[in-house]
Amino acid sequence: MPAEPVDLRSDTVTQPTPEMRRAMAEAVVGDDGYGEDPTVIELEETYAARVGKPAALFVPSGTMANQIALRVLAPPGSGVVAGAHQHVVAYEHGAAARNAAVQLVPVDDARGALSPAAVRAAVEAGRYHAAEVALVCVEDTHMAAGGVPWALDDLRAVAEAAGALPVHLDGARLFNAEVATGVKADERAGLATTVVSCLSKGLCAPVGSVLAGPADVIGAARFERKRLGGAMRQAGVLAAAGLVALRTMVDRLADDHERARRLADAVTERWPDARAGLAAAATNMVVFRPPDPDGLLAHLRAHGVLAGTVGPGLVRFATHHDVDDAGIERALAAVGSAP
Ligand SMILES: *Cc1c(COP(=O)(O)O)cnc(C)c1O
């Protein structure tokens, strides 16, 4: 029987662990619409404490969390400054316009972090005839730049550039940033008004994200979740897996980062220019421009390795819990033999 493919398309493909499945089976649940699911409440409190915020809300996806943040923090017709390649701008099928009726004001984020000067200029433009800016969104780690964690000083400088405006931190992979840099999630989140993390990516839970922030903002977010159809009932079955994710799956992300570094080295050896202009691989992603992306993906597939693209010509490897060292060896060999 041929071996299972080595699936490096995304860290979203991770399966819930046996411990998660046990926790799900045994979860004490209630109707979360009445605020009566103790496991959901425990997850929300656990995440809020982890990121140093007063309150949190369990939502079905990271996309919904971003959309809720827009709807709560940016009135219709206002401007939202964000990196041009952030998820909220480039990977949500135009949801910001559809769901939140805001005008996105994209700024350069080719290397992940936003320039404080660019943020200041974008906010300033709103004082003339552009949409008045209500919110600044940042992404940490920054996916499209290659899973880049922000330096805390850069995040602080952008928060300062935002001035009195709220900042939403899309921390889908905030814990990858924490593990890679040693700067705790709450220090990063402390520079933002709201923060979301995905439980369903490298942390291996099957479903869900958590949005945290001030109590009044999260109270309003609860209404927006309902309006978007994201209020769930006995959601403790899902939250139980999320609790296992937060409690046991963070530290091991370091293994994914080490494996991504090995893949990045192999890519650079095979195509010395493929990562030119892109940020160094620091967490669980390798994003690069091979000379023939389609040919490479086909070659990898023929060798039992799955990868994908995140933009024109941009191939991505994402390492995660369900790819072990043997899988990485197979991927390294396939990269080495690529035409
Ligand atoms: C995956 C992702 C999201 C959205 O999460 P979903 O649960 O897939 O909707 C948001 N932001 C970033 C940076 C992501 O990588």
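This is a predicted model, so every value here is computed, not measured. In listed order, ligands and their atoms are each counted from 1.
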(request) Just grab all the ring-ring contact (aromatic ring centres under 6.0 Å, His included) pairs involving residues 75-128, residues at least two apart or on different chains. (result)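 Residue pairs with at least one partner in residues 75-128: His87-Tyr91.
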(request) Look at Glu329 together with Arg262 and state whether they make a salt bridge at an N to O cut-off of under 4.0 Å. (result) yes
(message) Between the side chains of Glu44 and Arg222, is the shortest nitrogen-to-carboxylate-oxygen separation below 4.0 Å, so that they form an ion pair?
(response)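 Judged by the 4.0 Å cut-off on N to carboxylate O distance, Arg222 and Glu44 do form a salt bridge.
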(request) Could you grab the distance from atom CD of Glu269 to atom CG of Asp265, nearest 0.5 Å is fine? (result) 8.0 Å
(request) Not counting sequence neighbours, which residues clear side-chain hydrogen bond (donor to acceptor under 3.5 Å, both in side chains) with Thr309? List them please. (result) none
(message) Counting only heavy atoms and a distance below 4.0 Å, can you name the residues contacting ligand 1?
(response)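 Answer by chain and number: Ser61, Gly62, Thr63, Asn66, His87, Glu139, Asp170, Ala172, Arg173, Cys198, Lys201.
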Would you list the atom pairs, donor with acceptor, under 3.5 Å between side chains in residues 277-290 and any protein atom, with sequence neighbours excluded?
residue : atom : partner : partner atom : Å
Thr283  : OG1  : Gly147  : O            : 2.5
Asn284  : ND2  : Asp11   : OD2          : 2.9
Asn284  : ND2  : Thr319  : O            : 3.1

